[in-house]
2 protein chains.
Amino acid sequence: MKMSEGVEWTAHACALLAALPPGLGLPANALAEFHSLAPAYMAKHMQALARAGVVESLRGAAGGYRLARPSADISLWDIVEAIEGEEPAFRCSEIRQQGPCVTPNSDFRRPCEIHAAFGKAEMAWRTHLKSVSLADVATEVARKSSPQKRAAITVWLQEKIR
Amino acid sequence: MKMSEGVEWTAHACALLAALPPGLGLPANALAEFHSLAPAYMAKHMQALARAGVVESLRGAAGGYRLARPSADISLWDIVEAIEGEEPAFRCSEIRQQGPCVTPNSDFRRPCEIHAAFGKAEMAWRTHLKSVSLADVATEVARKSSPQKRAAITVWLQEKIR
DNA sequence: GATATCGTACTCGGATATACATTGTCCGAGTGGTGACGG
DNA sequence: CCGTCACCACTCGGACAATGTATATCCGAGTACGATATC
């Protein structure tokens, strides 16, 4: 059970967007270049985020991606949901309703115990991810980076920002 | 991000084993038949559980699988770990250390913020799964099933049990 | 000189190949039970 | 009648094929800017 690496890519990309002045954005090319990632593949993942309404896309010469709402209102779960989809990792196929010992009067209205346990566990996981916003991530990343690095980023942004 | 269906199969199979008198087991064939599942594929998954030490395998004419320890000491996480492996779903490849803005004096001893957030969320998920034992599941399943069904299971077990 | 139009450069979006992991199946290795044989 | 041996049926274990999903790339659609021609 492994998560798509697209989640990591877009999470870092969105953290970068969150560090920008509000309303501004970057093209997918720049987002990929910032972490030395494959540009075309990054673009594909950003499309998924645009479809999910996490970011807004703007076509044309000065186009690119920007956050669709304030960074404090976007959680890591929003990104996971956009890339991976909302359906749970554990999918109950109700195999308890199959087999030689299933009697006709069996009552399956009560939820499957195993299904319920996995559902609760996954809910806890989502809750944690929902509690972390892009603003949290961006400020923490900025706080930890050296002045030299912040200056380098500022210079790099000069010619990329929209 | 989806979990192998083998987890569902083996979880139900282990719940059945947990309902048996202690020390007794069933062959993979019977475990598959009980839920109308593909016998060969069920056998493959049970092998993984045997390698992980969740169940013990006994070859030969009267062989089969039985729980390696009391059902109260086996959690759903043990099963997930056996089938899916122990590595986390979110794998941090440290892309923050790549790119044009990484200065030579950058300090990456502090953990990646995004990595940390996903790690904590996943830990909560595991904790939930570790808190549910096979004994819990088995007793709850038994409590909810009708007397007719329990009788049918008893009859079916007569000729399968080891 | 101002304005409208055309061309161009740049960006997103989806369709299309490729690689890899999961799913599914089969046959060989090993083991206990059973029957036959000999004492 | 009892003990021993060989055979057989049954089970696990790992190797092998098929399928599906994630990964990776490319080309077409759309848009804004700038140059050019015209009034």
Side-chain angles (χ1 to χ4, degrees), chain A residues 1-10 13 17 24-33 35-66 68 80 82-85 87 89-91 93 95 159-162, chain B residues 1-10 13 17 24-33 35-66 68 80 82-85 87 89-91 93 95 159-162:
Chain A
M1 186 193 58
K2 55 183 205 231
M3 190 175 290
S4 165
E5 63 183 345
V7 171
E8 185 186 10
W9 289 27
T10 53
L17 290 179
L24 298 184
L26 287 171
N29 245 331
L31 291 173
E33 180 189 336
H35 290 112
S36 302
L37 302 172
Y41 197 26
M42 172 63 92
K44 181 177 180 62
H45 288 311
M46 292 307 294
Q47 287 172 31
L49 258 65
R51 270 193 299 271
V54 175
V55 298
E56 287 176 346
S57 64
L58 191 64
R59 303 177 83 163
Y65 293 98
R66 67 179 176 191
V80 173
I83 301 292
E84 296 283 343
E87 74 180 63
F90 181 88
R91 298 148 294 159
S93 50
I95 61 174
E159 55 190 28
K160 306 285 184 180
I161 208 165
R162 308 294 147 121
Chain B
M1 186 193 59
K2 56 183 203 223
M3 189 175 291
S4 165
E5 62 183 346
V7 172
E8 186 186 9
W9 289 25
T10 53
L17 290 178
L24 298 185
L26 287 170
N29 245 332
L31 292 173
E33 181 189 336
H35 289 111
S36 301
L37 302 172
Y41 197 26
M42 171 63 92
K44 182 179 179 61
H45 287 311
M46 292 306 294
Q47 287 172 32
L49 259 65
R51 269 194 300 272
V54 175
V55 299
E56 287 176 345
S57 64
L58 191 65
R59 304 177 82 163
Y65 293 98
R66 66 180 176 190
V80 173
I83 301 293
E84 295 282 341
E87 75 180 60
F90 181 88
R91 298 149 294 160
S93 49
I95 62 174
E159 55 189 28
K160 307 284 183 179
I161 208 165
R162 305 296 146 119

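Sequence lines set the chain letters: A, B, ... in the order given, protein chains first and strands last, and positions in each chain run from 1.
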Open item on the list: In the structure I gave you, are the side-chain heavy atoms of Ser4(A) and Glu84(A) within less than 4.5 Å of one another anywhere?
Closed with: yes
Task: Spacing of CG belonging to Leu17(A) relative to CD belonging to Glu56(A), to within rounding of 0.5 Å - done: 11.5 Å
Task: Contact nearer the 5' end of DNA chain C, comparing Arg59(B) with Glu84(B) - done: Glu84(B)
TODO: Let me know the distance between CE of Met3(A) and P of dT23(D), rounded to the nearest Å.
DONE: 11 Å
Task: Nearest-angstrom distance from the residue atom CD1 of Ile83(B) to P of dT22(C) - done: 12 Å
Task: Earlier contact from the 5' end, DNA chain D, for Lys2(A) and Gly63(B) - done: Gly63(B)
- [ ] With the side chain counted from C-beta on, respond yes when Arg66(B) and Leu58(B) share a heavy-atom pair under 4.5 Å apart, and no when they do not.
- [x] no
Open item on the list: Looking at every non-hydrogen atom in both residues, tell me the closest pair between Ile83(A) and Ala48(A) and how far apart they are.
Closed with: CD1-CB, 4.1 Å
TODO: May I ask you to list the residues of residues 44-57 of chain A, by number, that have any heavy atom positioned under 4.0 Å from an atom of DNA chain D?
DONE: Lys44(A)
Task: Approximate separation, where rounding is to 0.5 Å, of Met1(B) CE and Glu87(A) CD - done: 10.0 Å
Open item on the list: Distance check needed: dT23(C) P versus Tyr41(B) OH, whole Å only.
Closed with: 4 Å
TODO: Whole angstrom is fine here: how far is it from CG in Asn29(B) over to P in dA9(D)?
DONE: 17 Å
Task: Nearest-0.5 Å distance, CD of residue Glu33(A) to NZ of residue Lys160(A) - done: 3.5 Å
Open item on the list: What's Gly6(B) touching, base or sugar-phosphate or nothing? Going by heavy atoms closer than 4.0 Å.
Closed with: nothing
- [ ] With DNA chain C as reference, determine whether Ala40(A) or Ala61(B) sits nearer its 5' end, using the nearest nucleotide of each.
- [x] Ala40(A)
- [ ] Grab the NZ-C1' distance between Lys160(A) and dT11(C) for me, whole Å please.
- [x] 14 Å
TODO: Give one of base, sugar-phosphate or nothing for Ala28(A), where a contact means two heavy atoms less than 4.0 Å apart.
DONE: sugar-phosphate
